[in-house]
Amino acid sequence: MNFTTDRLSGRMYWLLFALSSAFTAAALRRWQLLSAFEEDTGLPMPGAQASVVLTCVLVMAAAWFAILAVGQPLSKRPEGSGQAQRWDLVFLDAGDPVYPILVVLAAFAALAAAPFLLGTGLGQWQVYQQVKAQLAQGIDAQLPTNNGMLAMGTAAGALLSFLGLLQMGRDGLRPGRRGKGGFSAALPGIAGCVWLMESFRGHAANPVQWDYAPLLLAIVCGMLFYMDFAGMSTSAARPRRLLWMAAMTLALTGPALTSALEGGAWADILLLSAQALAAAAVLWRLPPNLKRPPRLNGTPIPPASGEFGIQEETSDE
């Protein structure tokens, strides 16, 4: 098998099954929203077929991705390099534009979510201040439980995600330079913590329909995915676990996007799209490069001027 075919087959299983799982889960979530809740009360129907099938599909997807992760080939670690578990080089592949394109698209999707979140937060802040003023004047009023700070914090997190994802895409275009992936990839994960708090606060007040469950699961998995990605350029790299997280992020984002589209929640739609694009980018770049690290013009990628040499990590083992 030649190198090009080897690279294609290395990523095809991950992408094929992850995308199939995402579309299947999205269709099942749509079916669940249409058939698994009572029309008048919105109460969930116990044992609804759509809910059972959706749960089974996600569990089977998680198990299958675990099997793929265990069987994922890895190149041997370089002997005597003193840099055990240095896998950041697998993203430095100048001949493949797909990864940086997907990550840059993810960055701008996160950026586009910021105005929606900021507008929501400012509106909630103004209402909160108006009610406080009424209470100060002795007018009987109910003080809102939400002052908009979490929504504005999530908007700031979307900006951090944009900066981090943009740096990750930029690193993918610069062969031979050890990127700052550990820091930049952690920014979306940190932002995900605030997004998780805001989403839980906004949805948990009405737990009857469980509409927020797919969203929270997708946010948690995406947050862990970003954190594992950040470990790729540190001694904490777990490449097989990162592949599993990326695939499950795609699978869980499918039903969460269906719910967000149903409710017209544009901020959630854009942030979910951002993490789905980033996960797809990792599934495209990572599997073949773990098996056979990238080379430039048939030779190991040389280090950039003034940076730590990494060429010994590119040799095929």
Side-chain angles (χ1 to χ4, degrees), residues 10-34 36 48-72 98-99 102-103 105-106 109-110 161 165 185 188-189 192 195-196 199-200 203 210-229 232 238-263 265 268-288 290:
R11 62 173 61 101
M12 190 52 65
Y13 288 111
W14 284 103
L15 282 171
L16 178 63
F17 287 112
L19 290 173
S20 299
S21 299
F23 284 114
T24 301
L28 290 172
R29 176 59 176 169
R30 178 64 179 167
W31 179 28
Q32 184 188 41
L33 291 173
L34 292 174
Q49 188 175 6
S51 302
V52 173
V53 174
L54 175 58
T55 302
C56 290
V57 165
L58 291 177
V59 170
M60 288 189 296
W64 177 243
F65 294 142
I67 293 172
L68 286 181
V70 170
Q72 172 63 40
V98 176
Y99 167 81
L102 289 176
V103 174
L105 287 175
S161 295
L165 289 166
W195 182 26
L196 179 63
S199 297
F200 183 79
H203 295 80
W210 285 84
D211 280 345
Y212 65 96
L215 177 62
L216 296 186
L217 287 173
I219 294 173
V220 169
C221 194
M223 182 173 59
L224 295 174
F225 154 69
Y226 283 128
M227 291 303 184
D228 265 9
F229 186 90
M232 287 298 290
R238 296 292 184 270
R240 288 191 172 106
R241 190 174 70 183
L242 173 58
L243 284 172
W244 187 89
M245 284 292 180
M248 283 307 298
T249 295
L250 262 183
L252 290 171
T253 297
L257 264 175
T258 300
S259 298
L261 288 167
E262 180 79 12
D268 289 337
I269 291 169
L270 290 166
L271 290 175
L272 287 168
S273 299
Q275 70 178 32
L277 286 167
V282 167
L283 291 177
W284 174 269
R285 176 65 64 90
L286 189 57
L290 285 177

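From a predicted model like this one, the values you see are computed outputs, not experimental measurements. All heavy atoms count here, side chains included; hydrogens, waters and symmetry mates do not.
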So, the side chain of [X] versus the backbone of [Y]: is there a donor-acceptor pair under 3.5 Å, distance only?
X      : Y      : result
Arg240 : Ala69  : yes
Trp244 : Ala62  : yes
Gln275 : Cys221 : no

Exercise: identify the closest heavy-atom pair between [X] and [Y]:
X      : Y      : answer
Pro255 : Ala25  : CD-CB, 3.5 Å
Ala218 : Ala256 : CB-CB, 3.8 Å
Pro287 : Trp14  : CG-CD1, 3.6 Å
Val282 : Ala246 : CG1-CB, 4.3 Å
Ala109 : Leu270 : O-CB, 3.4 Å
Ala280 : Leu15  : O-CD2, 3.9 Å

Quick one: does Pro214's side chain get under 4.5 Å of Arg29's, heavy atoms only? yes
- Query: Just wondering, do Met245 and Phe229 contact through their side chains at under 4.5 Å, heavy atoms?
  - Reply: no
Exactly one candidate in Leu54, Leu58, Thr258, Thr55 meets side-chain contact (heavy atoms from CB on, under 4.5 Å) with Leu28; the answer is Leu54
_Would you say CZ of Arg30 has more than 12 non-hydrogen atoms from neighbouring residues, nucleotides or ligands within 6.0 angstrom?_
no
About how many Å separate [atom2] of [Y] and [atom1] of [X], when rounded to the nearest 0.5 Å?
X      : Y      : atom1 : atom2 : result
Ile219 : Leu272 : CD1   : CG    : 6.5 Å
Leu224 : Met248 : CG    : CE    : 11.5 Å
Leu252 : Leu257 : CG    : CG    : 11.5 Å
Leu215 : Asp268 : CG    : CG    : 5.0 Å
Leu243 : Arg11  : CG    : CZ    : 12.0 Å
Met60  : Ser21  : CE    : OG    : 9.0 Å

Fill in: Phe17 and its ring pair (Phe, Tyr, Trp, His ring centres under 6.0 Å) partner, picked from Phe23, Trp64, Phe65
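Passing option: Trp64.
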Go through it in stages, so that I can follow the logic: the residues are Met223 and Trp195, the test is side chain to side chain contact (heavy atoms under 4.5 Å, CB included), and I'd like the CA-CA distance, side-chain angles, deciding distance and then a yes or no. CA-CA 10 Å; Met223 182 173 59; Trp195 182 26; over 6 Å; no
